[in-house]
Amino acid sequence: MTDETVDFALTRALESILFAADAPLSLTEITRHVGERGDLLPTLRALATSYEPRGINLVERGGKWQFQTAPDLGHFLRTSREMVKKLSRAGVETLAVIAYHEPVTRPEIEEIRGVAVSGGTIDVLMEAGWVRPAGRRETPGRPLQYATTPEFLAHFNLTSRRDLPGMADLKAAGLLDREPPRELPLPLGGREE
Amino acid sequence: MTDETVDFALTRALESILFAADAPLSLTEITRHVGERGDLLPTLRALATSYEPRGINLVERGGKWQFQTAPDLGHFLRTSREMVKKLSRAGVETLAVIAYHEPVTRPEIEEIRGVAVSGGTIDVLMEAGWVRPAGRRETPGRPLQYATTPEFLAHFNLTSRRDLPGMADLKAAGLLDREPPRELPLPLGGREE
Amino acid sequence: MIEADEQFDLPVRAAPETATLILQLGSWEGPLDLLLTLARAQKVDLAQISILALVDQYLGFIRDAKALSLELAADYLVMAAWLAYLKSLLLLPKDPEAEPDPAELALKLQFQLQRLEAMRESGQKLLARPQLGWDMFRRPNPEGLAEEKRATFECSYYDLLSAYGAITARRSRSVHVVRRRPVMALDEAIERLEHLLGRSIDWTELVRFLPADLADESYARSVLASSFVAALELTRQGKATLSQGTAFAPILLRARHD
């Protein structure tokens with residue numbers, strides 16, 4: 001056997017040992033697995049070099065060796081599955097009230113909408129990135145206020161909240177005449193959905 | 001970017017994903033992480049080939065891809081604590097009958113083995129993750145069928161059931177036909193163990 | 001073929017295994033397993049096995065077991081009976097009409113033995129393969145792949161504005177459209193009663209001053225209540241006199257003239 005083939009066998013052994021290890025291994029620990037084979041460092045370093053361009057790297061940290069994924073590929077290891085969801089009617093209305101009246105507290109939203117607003121509705125709007133908590137109102141109970149975000153403006157292609165049409169515009173557009181579809185105004189305290 | 005560098009980037013991504021995955025991945029699962037990149041199979045196969053001489057191998061087992069250590073290096077990696085599950089003779093035989101005949105019902109297993117198969121035998125195989133119920137046979141009584149799992153293929157280092165030892169010969173000899181030429185009137189029904 | 005005189009040069013062979021096939025009933029997994037063991041002892045390809053010889057061996061085995069008064073499981077005996085039947089069929093002169101055909105039955109037994117043997121060998125070959133956790137290893141603690149589910153919400157500008165329009169429309173209706181309440185206001189009742197009473201000096205029941213045929217019951221009650229209070233008010237102002245004979249008797253009313 002030539003030196004080269006010996007090294008190759010050792011390289012394979014090192015690869016498998018480091019791959020199957022449940023923690024980074026020191027030279028001593030590696031030696032315990034492969035047996036006494038002289039200085040392992042040159043072989044380890046050559047192995048590390050051969051993995052450098054790959055998606056898996058062999059690295060040394062504080063004298064311990066381990067395989068890990070290449071640092072620039074982290075984004076492949078997370079996937080974000082995008083799901084498009086239609087905002088519920090309660091969600092749209094709550095968003096509209098916040099947009100027109102911000103900063104506005106939940107009791108105020110409920111008063112304007114005429115129905116109780118579930119916490120989930122505001123959560124969804126915050127998840128969508130359109131609504132944010134905007135400090136507390138300095139009144140008894142210090143209720144939390146809500147306001148819209150820059151993402152909200154971006155999503156609806158608005159420069160500022162002043163771009164929202166006023167009452168007269170809404171009326172002119174016929175948006176105040178229409179019967180609200182299906183959902184009837186419930187007395188305050190009614191549950192939505 | 002040339003085609004070659006695109007492939008190289010994809011190859012690195014595949015390496016990192018398969019390295020970090022906590023279970024063998026199907027093509028669908030891999031696609032979810034790398035995004036739609038056309039047919040991944042040629043790149044996966046090329047990657048597998050490049051790892052063939054190494055101590056780490058990329059293998060396909062039952063349509064799922066995974067890294068594992070090369071099968072000839074087990075002696076470097078075994079610790080005395082590890083033990084191969086000892087299967088009873090009945091267990092080994094039943095596993096072989098299921099693997100070579102799947103999907104197969106319990107009465108069929110009993111006919112081939114010439115003894116009643118105790119519930120415990122199939123249980124042990126299912127617990128090991130090698131055997132799963134595979135729907136009911138649409139015959140009178142709708143008996144449950146059994147088949148092997150991708151984990152079974154992975155455990156015995158088989159790419160697919162076609163690689164089962166002697167599979168082609170047994171098939172050619174007609175020994176895997178579900179129904180023998182005509183129904184055997186042999187009186188069988190002994191108890192195992 | 002080995003010539004007879006050449007055999008002297010051959011090493012002494014081990015005794016054939018058939019001789020070692022002693023009775024050990026418990027170690028066979030049923031009659032088929034025993035049959036396979038007996039067939040293997042014939043040391044020929046299972047495809048060329050002599051079924052007749054096999055049947056004889058099995059029956060001999062069962063006979064010996066009985067002689068030793070070993071407990072025989074029922075299925076061993078059932079198999080013995082069936083094989084005895086098969087043997088009789090095989091020994092009888094060939095009858096082309098015979099149903100079932102004994103040669104076919106023998107073939108099927110052969111097939112079943114071959115198949116069991118094949119599965120037994122395959123199981124051993126499977127176990128001889130490299131196994132995960134012994135020969136091959138996976139990473140013990142992979143980081144795993146994270147999957148975040150990110151929801152994007154759909155809501156058009158039109159949805160937003162029409163929702164606000166709907167809220168506004170709802171509110172304005174509730175402010176301006178006042179539902180007619182079914183009551184007769186006190187002022188109205190006083191004015192009405194004073195007008196009807198006029199200068200009448202005859203005692204008249206209060207109910208006679210109420211409007212006839214009031215369909216709405218709650219309005220009728222409101223009218224009665226308001227008119228009664230109106231009567232009290234007119235009396236206080238000195239414009240009327242009230243009279244009631246006894247409790248719950250009709251309330252009488254007349255104009256007062258000083």
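Naming: A, B, ... by sequence-line order, numbering from 1 per chain. These numbers come from a predicted model, not from an experiment.
Checked for salt-bridge contact, A:Arg89 and C:Asp159 miss the test: no charged N lies under 4.0 Å from a carboxylate O.
Across every non-hydrogen atom of A:Phe19 and C:Pro140, the tightest pair is O-CD, 4.0 Å. Closest of all the heavy-atom pairs between A:His155 and C:Cys155 is NE2-O, 3.1 Å.
Proximity to chain C is limited to the side chain of A:Leu158, based on heavy atoms less than 4.5 angstrom apart. Using a 4.5 Å cut-off between heavy atoms, A:Ala21 touches chain C through its backbone atoms (N, CA, C, O) alone.
Annotation: the span from C:Ile167 atom CD1 to A:Tyr100 atom OH amounts to 10.0 Å, rounded to 0.5 Å. Rounding to the nearest 0.5 angstrom, the gap separating the CG atom in A:Leu164 from the CG atom in C:Leu161 is 7.0 Å. C:Arg139 contributes atom CZ, which lies 8.0 Å from atom CD1 of A:Ile56 (distance to the nearest 0.5 angstrom). Here the CG atom belonging to A:Leu87 is positioned 9.5 Å from the CD atom belonging to C:Glu154, to the nearest 0.5 angstrom. Taking OH of C:Tyr164 as the reference point, atom CZ of A:Arg113 lies at 12.5 Å (rounded to 0.5 Å).
Ring geometry, C:Phe153 versus A:Trp130: the interplanar angle exceeds 60°, so the pair is classed perpendicular (tilted spans 30 to 60°).
The environment of A:Asp72 atom CG is dense: over 12 non-hydrogen atoms of other residues, nucleotides or ligands sit within 6.0 angstrom. Counted within 6.0 Å of CZ on C:Phe228, heavy atoms from surrounding residues, nucleotides or ligands total 12 or fewer; the atom is thus considered open. Under a cut-off of 6.0 angstrom, the local environment of CD in C:Glu191 is sparse, with at most 12 non-hydrogen atoms contributed by other residues, nucleotides or ligands. Residue A:Arg161 qualifies as enclosed at atom CZ: its count of foreign heavy atoms under 6.0 Å is above 12.
When side chains are defined from C-beta on, C:Leu160 counts as touching A:Phe152, because their heavy atoms get closer than 4.5 Å.
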